[in-house]
2 protein chains.
Amino acid sequence: MATIRDVAEAASVSIATVSRVLNKKARVSEETARRVWTAAAELDYWPNEAARSLTTNQTHVIGVLLPDLHGEFFSEVIRGIDQAARESRYQILVSSSHADHDEVMTAAKSMQGRIDGLIFMASDNGLAESVDRIQGRMPLVLINPRRIVKGTASLRIGNFLGAREAVNHLLRLGHEDIAILKGPAGNIDAEERLRGYRHALAAADRDLGASREFQGDFLEPSGYRAAAEILGSRRRPTAVFACNDMMAIALISAFGGAGLKVPEDIAVVGFDDVAIARYIHPPLTTVRVEANQLGQRALRRLLAILSGGEAEGAVEEVLPATLVVRESCGASLAGYSTDYSRRKESPGSMPGGTARDSDPEARGD
Amino acid sequence: MATIRDVAEAASVSIATVSRVLNKKARVSEETARRVWTAAAELDYWPNEAARSLTTNQTHVIGVLLPDLHGEFFSEVIRGIDQAARESRYQILVSSSHADHDEVMTAAKSMQGRIDGLIFMASDNGLAESVDRIQGRMPLVLINPRRIVKGTASLRIGNFLGAREAVNHLLRLGHEDIAILKGPAGNIDAEERLRGYRHALAAADRDLGASREFQGDFLEPSGYRAAAEILGSRRRPTAVFACNDMMAIALISAFGGAGLKVPEDIAVVGFDDVAIARYIHPPLTTVRVEANQLGQRALRRLLAILSGGEAEGAVEEVLPATLVVRESCGASLAGYSTDYSRRKESPGSMPGGTARDSDPEARGD
DNA sequence: TTGTATGCGTTATCAT
DNA sequence: ATGATAACGCATACAA
C-alpha cells in the first residue's frame with residue numbers, strides 16, 4: 001500500500017507538503033496542491049489512521065462496552081449510538097458479552113489508544129470496580145449504572161416511575177389482585193421495576209404477599225413457565241405486570257392457549273414497547289422505553305465532554321418511561337386503540353413519569 | 001498516562017526489556033521480569049494499541065460495514081460477528097447506514113490502519129464499485145453480495161430455495177391462489193424471495209398474473225397497507241407469502257381486525273423466523289434464517305483468510321433457509337405446533353433447502 | 001510556500 | 001539477558 005512518502009515522491013514534494021494538502025491545514029500553492037491530489041489519486045493513497053491518531057492524539061472512534069448484544073433493547077441502544085456517531089463522523093469500536101470485571105478490563109485495555117472516549121453499559125452487579133479503574137483514563141459515559149459514580153456522566157431509564165405508572169393504571173381500572181412477573185435477579189432494570197410495582201401497591205394499601213411475585217428472566221420461555229404457575233395458583237390474579245414485553249407476550253400466548261381471554265379474564269401489561277407490541281393480539285399495553293434515544297444521547301453526551309464543554313452539574317440524566325395504553329388491559333382510551341403507526345403516539349398526552357420527576361425516581365427510595 | 005518509557009524508568013530497565021516482558025517474547029531474568037510487572041501495575045500502565053499496531057502491522061480488530069442496523073436481522077448478524085470475534089479476542093469496528101458508494105468509501109478509508117480485515121454487507125444496488133475499490137487493500141468477506149466478485153469470499157442466505165419451499169408448502173396444502181407480499185425494490189433478498197415464489201408457481205403451472213403480487217418494504221406498516229389491498233381485491237387469495245415476518249405479522253393482525261381467521265379464511269407464511277414468530281397467534285409458519293450464524297461464519301471465514309489458510313475454491317457459501325411449520329397455514333404437523341422452546345426444532349427433520357442444493361440456488365436462474 | 005527534522009508509543013534488530 | 005536505536009506512518013514546529 002502506498003504511504004505518504006510514495007505520494008510525496010510521485011508529486012515531487014516533501015511529505016510535509018502532502019500532509020498539508022490532504023489535511024488542508026496550511027496554505028499551499030495551487031499548482032503543487034494539484035500535483036499532490038493527482039498523485040494521491042493515482043496511487044489510491046489511503047492515510048493510515050492508526051499512525052495519524054498517534055500524532056494527533058485523537059481517533060474519531062468511540063468505544064462501546066456492553067454486557068451483551070442480545071434482545072431488541074441492546075441492539076436499539078447500539079443503533080442509537082451508531083446513528084449519532086455517524087452524524088458526527090465517528091465510528092464505534094464495540095465489545096460485548098462481558099460477564100465479569102476481568103473481561104471488561106481486558107476489553108477496555110485493548111481499546112486504549114484507539115478510542116477518544118468510552119460508553120460503558122454496566123447494568124449488572126460487580127462492574128462498579130471496572131468503572132473506577134477506567135475512570136480518569138478516558139472520557140466516560142455510563143448507561144444504566146448500578147450506582148452513581150462521582151463526576152461521571154450517566155444516562156438511565158426511568159424504570160421506577162414507568163413501572164409505578166403501569167401498576168397505577170391497573171389499579172385505576174379496578175384491579176385488586178395484581179401479580180408481577182419479575183426480571184432476572186441482580187439486574188438493575190428488573191430491580192427498579194419491581195420497586196415501582198411494590199411502591200404503587202403499597203401506596204394503594206395493597207397486600208405485598210410474596211405469592212404475587214413470580215420469577216422470570218426477561219426471556220420468553222420464563223413467561224410460559226410463569227403462566228403455568230400463575231394459572232396453578234389457588235387465587236388467580238386478575239392482572240399481571242410483566243417486567244418486559246417478551247415475557248408479557250409469552251404470557252398472553254400461554255393464557256390464550258389455556259382458554260383464558262386477555263384482557264377479559266386477565267389483564268397483562270408489559271415494559272419496553274418493542275416493535276411488535278402493537279401487532280400482537282390484543283395489542284399490548286406497555287411502558288415505552290426509548291432505547292434508541294438512550295444510545296443517541298449517550299454518544300452526544302460523550303462528544304460534549306470531548307469538546308470540553310461539559311458542565312459539572314446534572315451529570316445524571318434520566319430518560320422517561322411512558323405508559324402506552326393499548327388493549328391488553330381492557331382500557332382502550334379513545335384514540336389509542338386504532339393507532340398502528342409506529343412510534344407516533346404523542347408522549348405528551350399520556351400519563352407517566354418524566355425526567356423532571358427526579359425525586360421519586362431516585363434510587364434506593 | 002504512563003507510557004512504556006515510564007515503566008522502564010520505574011523498573012530501571014530499558015524500554016526494550018519492558019516490551020519483552022509484557023509480550024513474553026524473549027527470555028528475561030526472573031528478577032527483572034518481576035520488577036517490570038510491579039512497575040507496570042504500580043503505574044497502571046496500558047499499552048497504546050494504536051502505536052502497537054503500527055509496528056506489528058496487525059490490530060486484532062475487524063471492520064464491519066453495514067447498510068443499516070435496523071431490524072432484527074441486522075442486529076443478529078452483528079451479534080453473530082461479535083460473538084465469534086470475542087472467541088478469538090477480536091473486536092469489531094462498526095460503521096453502518098451507508099446509502100451510497102461515496103459514504104461507504106469514506107467509512108472504509110477511515111478504517112485503514114485500524115483493522116485487519118473487513119466484513120462488508122453490500123446487499124443493495126450500486127455498491128459493487130465499492131467492493132472493487134476495497135478489494136486488494138485488505139482481506140474482505142462479503143455478506144449477501146448482489147453479484148459474486150472473483151476471488152472474494154462471500155456468504156449469503158438461501159433465499160431462493162427458502163421461498164420456493166414456503167410456496168411449495170402452500171401448494172401442497174391445496175392452495176390455488178397464492179399471493180406474495182414483496183420486499184423493497186432493489187433489495188437482493190427481496191428479489192431472490194420473489195424469484196423463489198415465481199419459480200414454485202411456474203413449476204406448478206400456476207398463473208403468474210401481476211395482480212397477485214403486492215408491494216411491501218419489509219416494515220410493518222406496509223403489511224397493513226397490503227392487507228387492505230388484498231382484502232379489497234375482487235378475487236381474494238387463499239394464502240399470502242410475505243417476504244419477511246414483520247409484514248406477515250402485520251398481515252395477520254390486519255386480517256384479524258377485518259374479521260378474517262388465519263389460517264381458516266386465509267393462510268399466511270413469513271420469512272426470517274424472528275424471535276416472536278412462534279408467540280403470536282396463530283404461531284407463524286415461516287422460513288428460518290440463521291442471521292446469527294451468518295455473522296459468526298463471516299467472521300470465522302475472515303479469520304481463516306487472515307491466517308493464510310484460505311482455499312481458493314468454494315469462495316461462496318450459502319446458508320440454508322429452512323421452512324418451519326407452525327399454525328398460520330393450517331398445517332400443524334405433529335410435534336411442531338406445541339413447540340415453544342426457542343430455536344429447538346431439529347432442522348434435519350424439516351423440508352427445505354440446504355446448502356448442498358447449490359444448483360437451484362444459483363442466482364439469475 | 002516549502003522542506004527538514006522531531007516526536008507520537010510501540011516492536012524489532014542489532015549489538016553487547 | 002539486556003540496552004541502544006531504527007523503523008512504523010504520519011503531523012507539525014521550525015528553518016529556509
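We name chains A, B, ... by the order of the sequence lines, and we start the count at 1 in each one.
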Could you state the CD1-P distance from B:Ile4 to D:dT5, rounded to the nearest angstrom? 17 Å
Assign A:Asn23 to base, sugar-phosphate, or nothing according to its heavy-atom contacts below 4.0 angstrom with the strands shown. sugar-phosphate
Distance check needed: D:dC10 P versus B:Asn57 CG, whole Å only. 12 Å
Out of D:dC10, C:dT1, D:dT12, which has the shortest distance to the side chain of A:Arg27? C:dT1
Between atom CD in B:Gln112 and atom C1' in D:dC10, what is the gap in whole Å? 13 Å
What contact category does A:Thr32 fall into here, base, sugar-phosphate, or nothing, at under 4.0 angstrom with non-hydrogen atoms? sugar-phosphate
Consider the side chain of B:Thr55, meaning its heavy atoms from C-beta on, and name the nucleotide among D:dG3, C:dG9, D:dT2 that approaches it most closely. C:dG9
Rounded to whole angstrom units, what separation is found between the CD atom of B:Glu30 and the P atom of D:dT2? 11 Å
Within a radius of less than 6.0 Å around CD of A:Gln58, do more than 12 heavy atoms belonging to other residues, nucleotides or ligands occur? yes
So that I can tick it off, tell me whether B:Arg297 and B:Glu290 are bridged by a salt bridge, with the cut-off set at under 4.0 angstrom between side-chain N and carboxylate O. no
Please give, in whole Å, the distance from C:dT10 C1' to B:Gln58 CD? 14 Å
Considering only heavy side-chain atoms of A:Thr17, the closest of C:dT10, C:dG3, D:dA11 is C:dG3
With the side chain defined as heavy atoms from C-beta on, B:Arg52 is closest, among C:dG3, C:dT2, C:dT10, to C:dT10
Please determine whether side-chain contact (heavy atoms from CB on, under 4.5 Å) holds for the pair B:Leu140 and B:Ile134, giving the CA-CA distance in whole Å, both sets of side-chain angles, and the decisive distance to 0.1 Å. CA-CA 8 Å; B:Leu140 183 62; B:Ile134 296 171; 4.3 Å; yes
Which of these, B:Asp6, B:Val28, B:Val13, sits in a side-chain contact (heavy atoms from CB on, under 4.5 Å) with B:Val18? B:Val13
Counting side-chain heavy atoms from C-beta on, which of C:dT4, D:dA11, D:dC10 comes nearest to A:Ser19? D:dA11
Protein N or O to nucleotides 14-16 of chain C N or O, pairs below 3.5 Å:
none

Trace of the side-chain hydrogen bond (donor to acceptor under 3.5 Å, both in side chains) decision for B:Gln112 with A:Asn48: CA-CA 5 Å; B:Gln112 174 78 14; A:Asn48 183 315; over 6 Å; no
Nearest nucleotide by nearest heavy atom, which residue falls closer to the 5' end of DNA chain D, B:Leu54 or B:Ala33? B:Ala33
B:Thr56 side-chain N/O to C:dT10 phosphate OP1/OP2 under 4.0 Å: no
Closest to the 5' end of DNA chain C, once B:Ala51 and B:Lys25 are matched to their nearest nucleotides, is B:Ala51
Would you check if the side chain of B:Ser12 reaches a backbone N or O of B:Ala8 as a donor-acceptor pair within less than 3.5 Å? no
Rounded off to whole Å, could you give me the CD1-to-C1' distance for the A:Ile15 and C:dT2 pair? 13 Å
Counting the atoms with a prime plus P, OP1 and OP2 as sugar-phosphate, which does B:Val13 contact under 4.0 Å by heavy atoms, base, sugar-phosphate, or nothing? sugar-phosphate
As an exercise, state the distance from OG of A:Ser88 to CZ of A:Arg300, rounded to the nearest 0.5 Å. 7.5 Å
Between D:dC8 atom C1' and B:Glu49 atom CD, what is the distance in whole Å? 15 Å
Strictly below 4.0 Å, N to O, side chains only: are B:Arg156 and B:Asp189 in salt-bridge contact? no
Side chain of B:Ser14: nearest nucleotide among C:dT10, D:dA4, C:dT2? D:dA4
When you get a sec, tell me which of D:dC10, D:dA4, C:dT4 is the closest nucleotide to the side chain of B:Ala16? D:dA4
For A:Lys24 and D:dT12, what is the distance between atoms NZ and P respectively, to the nearest whole Å? 15 Å
